[in-house]
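First the structure, in the form of structure tokens, and then the observations on it.
What you are looking at is a predicted structure, and each value in this text was computed from that prediction instead of being measured. For ligands, and for the atoms within them, numbers begin at 1 and follow the listed sequence.
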Amino acid sequence: MAIYQIGPFAMDESFIYTFFPLLAAVLLLIYIKSKEANEAVKEQKNSPTYSLWDPDRKRLETTTPVFLQEPVTPLDNEIDVLSTSPHPFRPYKPIYHMTMGLEKCAPNDLFLIDSSYPSRIALRKQIVNEFPQMTLGASPECGGAINELYSYVLSQHLPMRFPRLFTISTADRQFRNHVSGDSNPMIAPESSIEALKVLATTVEEDILILQKVDGKETYSLQGYVACFPNGFDSSKKMGMELREIHEPVPMFQEKLATSMDRFFGKLEIGRWVRRFNWTISTHEKLFLPTGNHHYEGEEVPDKLESVDLEKTYLRVERQVLLRLPVSRAIVFFVKTYMTPLARVKEEGQGEALATAIDGLPEKLGVYKKRIVWGEAVKEALRA
Ligand code: HEM
């Protein structure tokens with residue numbers, strides 16, 4: 001039998017034939033196991049984070065897959081949000097350019113909660129009960145999208161982001177809102193309108209749901225929660241395509257319609273975006289199915305001689321758009337911020353806002369009723 005000398009070791013042939021294949025097998029096993037461990041860590045990182053604050057909390061099986069490219073994580077100092085002033089979004093620019101104006105929206109920022117939350121939720125309950133048709137609407141085609149949105153918002157998003165304000169209980173499958181004291185099922189009730197009513201009175205955001213129906217390639221309004229519409233009645237926009245919905249908006253068809261259709265066709269699951277609209281409001285009403293805009297053929301109201309900056313508001317809409325992963329419906333969330341112009345002036349923003357009012361293109365100025373409030377507001381902001 002041949003004897004091999006390897007370094008200081010002398011080995012016979014049979015040892016070499018058994019030792020090296022054995023070593024290779026052990027190394028292969030170590031490699032496979034470490035790969036498996038890495039995959040497990042990666043999977044854990046990608047799965048949603050649940051707070052352990054509620055002892056009742058268990059990982060839940062829901063029908064909505066985890067589709068986000070970034071996880072939703074619990075907010076730091078969450079309880080403080082209820083004593084935090086609404087975020088001072090000031091989206092106006094010296095010259096208004098009608099663009100899509102889309103920016104990335106992190107999943108954590110889908111719903112922004114602040115000190116206005118309790119009173120706004122109370123107001124939304126009142127409005128929904130008083131004006132059910134104008135505030136809640138669903139076509140038969142929209143049922144699946146509403147169920148999908150409902151379970152994502154109640155069973156996943158809110159309890160993950162605000163685990164002290166909202167909890168879910170596996171025992172009775174209830175979602176609890178610890179601010180309003182309401183309790184609702186984690187899975188959508190059978191009636192779409194009931195499901196929308198729960199959403200309307202759980203979040204401050206209005207919700208518009210758009211889908212492609214009847215074999216068409218364009219998106220139309222198929223469902224809505226509209227407690228704070230700025231001058232339009234959503235029940236009259238139901239079933240309309242995006243271009244038609246925007247018909248009264250000057251410059252929209254030539255400047256935005258094509259980009260908007262393209263954007264809606266291509267919006268990817270998990271890529272959430274936000275944009276802003278702003279205007280001036282001469283009252284503090286949030287539910288406005290008419291008013292605030294001037295439409296062709298309407299009489300122009302009288303010009304205001306002066307305004308009270310405490311009772312005249314900068315009305316900003318923060319809009320978030322996302323695609324639902326299963327129904328592929330597009331959901332448009334709108335949170336409305338009302339800031340008295342006196343506050344805008346105190347922030348040192350008086351001149352910037354007055355310049356932006358001048359910077360509105362003529363036709364858009366007419367649409368926003370600048371003719372009524374423009375001169376008086378600018379004078380007060382600059383005084
Ligand atoms: C990328 C998406 C969108 C863009 C760029 C966009 C842009 C605009 C703009 C610039 C206005 C004029 C508002 C103002 O300055 O006072 C407007 C109004 C409006 N938008 Fe959109 N919008 C978008 C998506 C949507 C969606 C998804 C809906 C859902 C129904 C919608 C419904 C409306 C309505 C109802 C009005 C008021 C129209 C009226 O006066 O009757 N928008 N939009």
Side-chain angles (χ1 to χ4, degrees), residues 91-93 95-105 134-135 137-139 142 145 205-212 218-267 271-281 287-298 313-324 329-337 356-357 359-370 372-374:
Y92 42 79
K93 305 258 164 52
I95 304 283
Y96 181 99
H97 293 288
M98 193 173 269
T99 60
M100 297 281 283
L102 300 172
E103 302 163 357
K104 182 186 167 191
C105 174
M134 277 194 272
T135 52
S139 73
C142 199
E205 282 72 7
D206 278 349
I207 301 171
L208 297 128
I209 303 171
L210 296 109
Q211 284 176 294
K212 290 194 210 173
T218 44
Y219 283 82
S220 57
L221 184 65
Q222 298 295 324
Y224 60 85
V225 164
C227 296
F228 301 154
N230 185 22
F232 59 90
D233 176 352
S234 302
S235 68
K236 300 212 172 105
K237 305 265 186 192
M238 198 55 170
M240 281 189 185
E241 292 176 5
L242 278 165
R243 284 179 186 240
E244 231 181 316
I245 290 172
H246 289 97
E247 185 70 39
V249 180
M251 297 151 60
F252 194 93
Q253 305 304 322
E254 45 302 6
K255 296 267 181 193
L256 284 187
T258 309
S259 336
M260 195 169 62
D261 286 345
R262 203 178 310 126
F263 166 77
F264 270 71
K266 280 174 46 179
L267 180 61
R271 288 212 179 276
W272 300 7
V273 294
R274 67 171 199 182
R275 66 180 301 279
F276 294 92
N277 268 353
W278 68 271
T279 194
I280 301 291
S281 182
F287 174 66
L288 279 181
T290 57
N292 268 25
H293 286 133
H294 173 77
Y295 297 113
E296 247 180 67
E298 280 182 356
Y313 297 83
L314 169 67
R315 182 174 179 135
V316 172
E317 288 186 356
R318 177 183 182 268
Q319 308 173 334
V320 176
L321 281 149
L322 59 89
R323 188 188 290 283
L324 293 175
I330 291 188
V331 190
F332 187 61
F333 297 89
V334 183
K335 174 158 169 163
T336 302
Y337 292 83
I357 291 169
L360 289 171
E362 189 51 37
K363 284 183 185 166
L364 203 68
V366 172
Y367 173 71
K368 288 182 191 278
K369 290 192 168 173
R370 178 176 59 181
V372 178
W373 47 260

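The closest approach between a heavy atom of Thr279 and any atom of ligand 1 is not below 4.0 Å. Ligand 1 has Leu242 within reach: a non-hydrogen atom of the residue lies less than 4.0 Å from it.
Shortest contact from atom 13 (C) of ligand 1 to any protein heavy atom: Asn277 ND2, 3.4 Å. The protein heavy atom nearest to atom 33 (C) of ligand 1 is His246 NE2, 3.4 Å. At the shortest separation from atom 3 (C) of ligand 1 among protein heavy atoms lies Met260 SD, 3.4 Å. Scanning all protein heavy atoms for the shortest distance to atom 34 (C) of ligand 1 gives Ile245 CG2, 3.9 Å. The nearest protein atom to atom 12 (C) of ligand 1, hydrogens excluded, is given as Val249 CG1, 3.5 Å; this is a heavy-atom distance. Counting protein heavy atoms only, atom 15 (O) of ligand 1 is closest to Lys368 NZ, 2.5 Å.
Applying the 4.0 Å criterion to heavy atoms of His293 picks out, from ligand 1, the atoms 16 (O), 40 (O). Every atom of ligand 1 is numbered from 1 in the order shown, and the set under 4.0 Å from a heavy atom of Tyr96 is 10 (C). Residue Pro248 approaches ligand 1 through these ligand atoms, each under 4.0 Å from one of its heavy atoms: 39 (C), 41 (O). Interface of Leu210 with ligand 1, defined as ligand atoms under 4.0 Å from a residue heavy atom, comprises 27 (C). For ligand 1, the atoms lying closer than 4.0 Å to a non-hydrogen atom of Phe264 are 27 (C). Residue Met100 approaches ligand 1 through these ligand atoms, each under 4.0 Å from one of its heavy atoms: 1 (C), 5 (C).
In this structure, the side chain of Arg370 engages the main chain of Leu360 through a donor-acceptor pair within 3.5 Å. Judged purely by atom type and a 3.5 angstrom limit, Arg323 uses its side chain to pair as donor or acceptor with the backbone of Leu267. When atom types are taken as modelled, the side chain of Lys212 and the backbone of Ala329 share no donor-acceptor pair closer than 3.5 angstrom. Between the side chain of Arg275 and the main chain of Met100, a donor-acceptor pair closer than 3.5 Å is present. Panel note: side chain Asp206, backbone Phe228; a donor-acceptor pair is recorded below 3.5 Å.
For ligand 1, the polar-atom distance check finds an N/O of Lys237 within less than 3.5 Å of one of the ligand's N/O atoms. Taking any N or O of Gln319, backbone or side chain, none lies under 3.5 Å from an N or O belonging to ligand 1. Checked against a 3.5 angstrom limit, the closest N/O atoms of Tyr295 and ligand 1 fall inside it. Taking distance alone, with nitrogen or oxygen atoms compared against 3.5 Å, Arg275 stays at or beyond that limit from ligand 1. Annotation: Tyr367 places an N or O atom under 3.5 Å from an N or O atom of ligand 1; distance criterion only.
Residue Phe252 touches ligand 1 through its side chain alone, judged by heavy-atom distances below 4.0 Å.
Contact check for Pro248 versus His293: no side-chain heavy atoms found under the 4.5 Å cut-off.
Rounded to the nearest 0.5 angstrom, Glu247 CD and Glu296 CD are separated by 9.5 Å.
Note: Tyr367 and His294 fail the aromatic proximity criterion, with ring centroids not under 6.0 Å apart.
Taking a cutoff of 4.0 Å between a charged side-chain nitrogen and a carboxylate oxygen, Glu103 and Arg274 qualify as a salt bridge.
Stacking of Lys368 on the aromatic ring of Trp278 is recorded, both the 6.0 Å distance cut-off and the 45° axial limit being met.
Gln222 and Ser139 are linked by a side-chain donor-acceptor pair at a separation below 3.5 angstrom, with hydrogens and angles left out of the test. If you check the side chains of Thr336 and Glu317, you find no donor sitting under 3.5 Å from an acceptor.
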